[in-house]
Amino acid sequence: MVLLRLDPDIKIVGECGSGVEALPQIRKLKPDLVFLDVQMPECDGFDVLEMLGKDLPPAVVFVTAYDQYALRAFEAGALDYLLKPFDNVRFERTLARAKDRIALARNVSRSVERIAVKSAGQVSFLRVAEIDWIEAADYYSCLHVGTKSHLLRRSMAELEQELDQDTFCRIHRSTIVNLNRVRGLRLDENGEYEVLLDNGSGLRLSRRYRTQLQSRMRMRPASST
């Protein structure tokens, strides 16, 4: 907090003592940048990100003393992972990245129609409407298009911000699905739901996203036959 106050571009709009307290404050205040601890009372930082869904801020930074959660943090869409103790130089580098991310988010005036994908020394432009689903893959996002898949060095949070919210929906902390490809839901032997796609794929549906998905599907117009 002290380091943040040293930056004239930063305005501190709130501070919370738990994940449960943070959720309504983030939704209400809509900050551009959020610093989260991994371990918090009642629900942890990952729970907060998952429950925020489409309300996820442009930039999220984890600040923690536990290094074993770094990979999971990036999979969840965090911009950076500050491991305590850190020095001023490390913090300033993180803050600069956050400002760049926020500026980018503000400049995205509408959802993208094509995504540039690099492969074998070439760049191809993939039509977003052709994507069936997206999954987190370490520091990358994997775009599934028919029988092919493409690795993109972008976080799920970045992609979710840019994709058409009427077409794409997060169904798990590591999965975004094209609603045009959804055929239905299936209950497995463990009592958990899977999202069934037209191509036969079954994707795990997190309980936290079930209501959102069902609501979004009900609101969509019936396809013509």
Side-chain angles (χ1 to χ4, degrees), residues 1-4 6-7 10 12 14-23 25-27 31-105 115 117-118 133-144 149-163 170-177 203-204 206-209:
M1 193 68 72
V2 174
L3 293 176
L4 283 173
L6 295 175
D7 193 312
I10 299 296
I12 300 172
E15 184 178 4
C16 302
S18 70
V20 170
E21 183 183 345
L23 275 168
Q25 288 300 306
I26 293 173
R27 290 192 173 112
D32 293 316
L33 171 61
V34 171
F35 289 87
L36 281 177
D37 200 341
V38 170
Q39 295 191 349
M40 294 187 290
E42 300 178 71
C43 71
D44 63 27
F46 297 111
D47 292 329
V48 172
L49 291 191
E50 188 169 345
M51 288 186 283
L52 280 173
K54 63 182 180 61
D55 296 322
L56 196 68
V60 176
V61 175
F62 274 102
V63 183
T64 179
Y66 305 95
D67 60 357
Q68 65 266 35
Y69 300 107
L71 179 58
R72 184 180 173 192
F74 288 114
E75 288 179 344
L79 171 70
D80 208 343
Y81 192 90
L82 283 175
L83 186 63
K84 301 175 185 178
F86 51 84
D87 57 25
N88 290 18
V89 174
R90 177 69 175 88
F91 182 80
E92 289 169 2
R93 188 161 65 245
T94 294
L95 202 55
R97 291 186 62 205
K99 290 179 180 180
D100 288 343
R101 171 72 64 82
I102 293 165
L104 176 63
I115 293 178
V117 178
K118 297 179 181 178
W133 59 288
I134 306 169
E135 68 175 329
D138 292 339
Y139 299 101
Y140 295 80
S141 292
C142 185
L143 313 180
H144 293 268
S149 59
H150 307 270
L151 279 178
L152 188 67
R153 195 173 180 82
R154 301 278 298 282
S155 72
M156 296 284 284
E158 283 182 280
L159 289 174
E160 188 173 26
Q161 295 259 345
E162 295 182 12
L163 294 172
R170 188 181 284 262
I171 62 171
H172 189 272
R173 66 180 178 84
S174 60
T175 312
I176 296 173
V177 69
L203 309 175
R204 180 184 172 191
S206 169
R207 293 183 181 182
R208 288 197 176 98
Y209 292 106

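Every heavy atom of this structure was used, including side-chain atoms; hydrogens, water molecules and symmetry mates were not. One is the number of the first residue; the rest follow in order along the sequence.
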With sequence neighbours left out, write down each residue that passes salt bridge (Lys or Arg N to Asp or Glu O under 4.0 Å) with Asp32, or none if nothing qualifies.
-> Arg106
Phe35 CZ: over 12 foreign heavy atoms closer than 6.0 Å = yes
Pairs satisfying side-chain hydrogen bond (donor to acceptor under 3.5 Å, both in side chains), at least one member in residues 84-94, at least two apart = Asp80-Arg90, Asp80-Thr94, Arg90-Thr94
Over all heavy atoms of both residues, which pair between Arg101 and Leu79 is shortest? Give the atoms and the distance, please.
-> NH2-CD1, 3.2 Å
Main-chain N/O of Arg154 paired to Ser141 side chain as donor or acceptor, under 3.5 Å | yes
Do Arg97 side-chain atoms and Asp100 backbone N/O form a donor-acceptor pair below 3.5 Å?
-> no
Distance-only donor-acceptor pairs under 3.5 Å for side chains of residues 57-72, two or more places apart:
| residue | atom | partner | partner atom | Å |
| --- | --- | --- | --- | --- |
| Thr64 | OG1 | Tyr66 | N | 3.1 |
| Tyr66 | OH | Gln39 | OE1 | 3.4 |

dist Ile176:CD1 -> Glu160:CD (nearest 0.5 Å) comes out at 4.5 Å
Output the distance between atom CE (Met51) and atom CG (Leu56), rounded to the nearest 0.5 Å.
-> 12.5 Å
Mind listing the closest non-hydrogen atom pair of Phe46 and Asp44 along with its distance?
-> N-OD1, 3.0 Å
Rounded distance (nearest 0.5 Å) linking atom CG of Asp37 with atom OG of Ser18 | 12.0 Å
Leu3 and Phe86, any side-chain heavy atoms less than 4.5 Å apart = yes
Can you tell if the side chain of Val34 reaches within under 4.5 Å of the side chain of Val48, non-hydrogen atoms only?
-> no
Calculate, to the nearest 0.5 Å, the distance between atoms SG and CH2 belonging to Cys142 and Trp133 respectively.
-> 7.0 Å
Give the minimum heavy-atom separation between Glu135 and Met156, together with the two atoms involved.
-> C-SD, 3.8 Å
Report yes if some heavy atom in the side chain of Leu95 is under 4.5 Å from a heavy atom in the side chain of Ile10; otherwise report no.
-> yes
With the side chain counted from C-beta on, respond yes when Thr175 and Arg204 share a heavy-atom pair under 4.5 Å apart, and no when they do not.
-> no
Side-chain heavy-atom pair Cys16, Met40 within 4.5 angstrom cut-off = no
Do Leu152 and Ile134 have side-chain heavy atoms sitting under 4.5 Å apart?
-> no
Does Asp7 use its side chain to pair, donor to acceptor, with the backbone of Leu4 at less than 3.5 Å?
-> no
